[in-house]
2 protein chains.
Amino acid sequence: MRITRETDYAIRCILYLSELPDKVAMAGEIAEAMKIPKSFLAKILQKLTRAKIVHSFRGVKGGVRLAKKPEDISLLDVINTIEGDVGMNICAVNEKACDQSKECSVHHIWIEIREAVENILKRYNFENLRK
Amino acid sequence: MRITRETDYAIRCILYLSELPDKVAMAGEIAEAMKIPKSFLAKILQKLTRAKIVHSFRGVKGGVRLAKKPEDISLLDVINTIEGDVGMNICAVNEKACDQSKECSVHHIWIEIREAVENILKRYNFENLRK
DNA sequence: CTAAATAGGATAAAAATAGTCTTAATTATG
DNA sequence: CATAATTAAGACTATTTTTATCCTATTTAG
Ligand code: SF4
Ligand code: SF4
């Protein structure tokens, strides 16, 4: 019932970029500062780029910077980008995944938890997260 | 960020036993009723037995029944038994797991979520879960 | 004594996680 | 234009976790 290391790395990465909103930072620089394996971060940045959370520049003096203001990026956005929907059980994400969901008395609890977790994750953005 | 099938099976199993509080049910019977692979359920029942959530009887006419009243078994109890602490990130379970937890501005959010999830999971016991 | 049941442990297949590596495309600069 | 630096994309790999199964031992009602 955990987020993955990949997601934790993605969050750290956005945290770093939020401190330097206009700088174009290279993957290597972020990796070193936030202690993320460099080639793994490169793949994570690709996902964040496709999700339009960061904007990337190729070539010499390339790198990445945030594509939005820190306050417009929530923790939930980053988690959704890296690992998809937040659900504590398959049935909270896809009703059809379990054929018992209609009669199951536990099903609604997973929905309730999902909503509670998403609400917390939406409340935090990378502006109010800065110390 | 999901509970495992094993945990879902354990919950279904307690759900079944809660409907028959005094009956000594065999693993095979529970497995069939709740659509749980039988030999997997056998292992799950061992964990539930060690945790004193169910009481088991060996030999002919053996089986398991709840060791407590349904209202004294929470969803959290079952989850803790099968997969340990509920934490959305390692640092919410073990501070030492990440050396950045002191300076990390996200750390406290995982603690907040952990507490929110645990509170929901504590509210539901197998008495108030029965339809 | 025997058949039926759980206990415990070893084993195994499949999936997910956590990365690495290679090649291609892009681009600033000399 | 040539080159070096950088991301993009995808193949590949190692490790760990998940999801079981199977075998042997122990227990016990009849
Ligand atoms: S909680 Fe109920 S509906 Fe959801 S996966 Fe488990 S059995 Fe299916
Ligand atoms: S949230 Fe912060 S403290 Fe927790 S694991 Fe990630 S980096 Fe470490």
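Only heavy atoms go into these numbers, but all of them, side chains included; no hydrogens, no water, no symmetry mates. To find a chain, count down the sequence lines: A is the first, B the second, and so on, and within it residues start at 1. Bear in mind the structure is a predicted one, so any value in this text is a computation, not a measurement.
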Regarding A/R114 and A/N119, is there a side-chain donor-to-acceptor distance under 3.5 Å anywhere?
no
Would you check if there is a donor-acceptor pair between the side chains of A/H107 and A/Q100 at a distance under 3.5 Å?
no
Between A/K61 and A/T7, the residue closer to the 5' end of DNA chain C by nearest nucleotide is A/T7
Taking the basic N atoms (NZ, or NE/NH1/NH2) and the acidic carboxylate oxygens, is any pair closer than 4.0 Å for [X] and [Y]?
{"X": "A/K102", "Y": "A/E95", "result": "no"}
{"X": "B/K38", "Y": "B/E32", "result": "no"}
{"X": "A/E112", "Y": "B/R123", "result": "yes"}
{"X": "B/K23", "Y": "B/E29", "result": "yes"}
{"X": "B/R130", "Y": "B/E19", "result": "yes"}

Which sits closer to the 5' end of DNA chain D, A/M1 or A/K38, going by the nucleotide each is nearest to?
A/K38
What is the distance from [atom1] of [X] to [atom2] of [N], rounded to the nearest Å?
{"X": "B/K47", "N": "C/dT6", "atom1": "NZ", "atom2": "C1'", "value": "16 Å"}
{"X": "A/L41", "N": "C/dT20", "atom1": "CG", "atom2": "P", "value": "11 Å"}
{"X": "B/E83", "N": "C/dA16", "atom1": "CD", "atom2": "C1'", "value": "15 Å"}
{"X": "B/R65", "N": "C/dT6", "atom1": "CZ", "atom2": "P", "value": "14 Å"}
{"X": "B/R2", "N": "D/dT19", "atom1": "CZ", "atom2": "P", "value": "12 Å"}
{"X": "A/E29", "N": "D/dT6", "atom1": "CD", "atom2": "P", "value": "10 Å"}
{"X": "A/F40", "N": "D/dA14", "atom1": "CZ", "atom2": "P", "value": "17 Å"}
{"X": "A/I44", "N": "D/dA8", "atom1": "CD1", "atom2": "P", "value": "13 Å"}

Picking from [options], which would you name as closest to the side chain of [X]?
{"X": "A/R5", "options": "C/dG19, C/dA3, D/dC22", "value": "C/dG19"}
{"X": "B/P37", "options": "D/dT21, C/dT20, C/dA4", "value": "D/dT21"}
{"X": "A/M26", "options": "D/dT19, D/dT6, D/dT28", "value": "D/dT6"}

Take nucleotides 7-13 of chain C nucleotide by nucleotide from the 5' end and write B, S or -, depending on whether a protein heavy atom sits under 4.0 Å from the base, only from the sugar-phosphate, or from neither.
BBB----
Are OP1 or OP2 of D/dA20 and a side-chain N or O of B/Y9 less than 4.0 angstrom apart?
yes
Answer with base, sugar-phosphate or nothing: what part of the nucleic acid does A/G28 contact at a heavy-atom distance below 4.0 Å?
nothing
Could you tell me whether B/S39 contacts a base, only the sugar-phosphate backbone, or nothing, with contacts defined as non-hydrogen atoms closer than 4.0 Å?
base
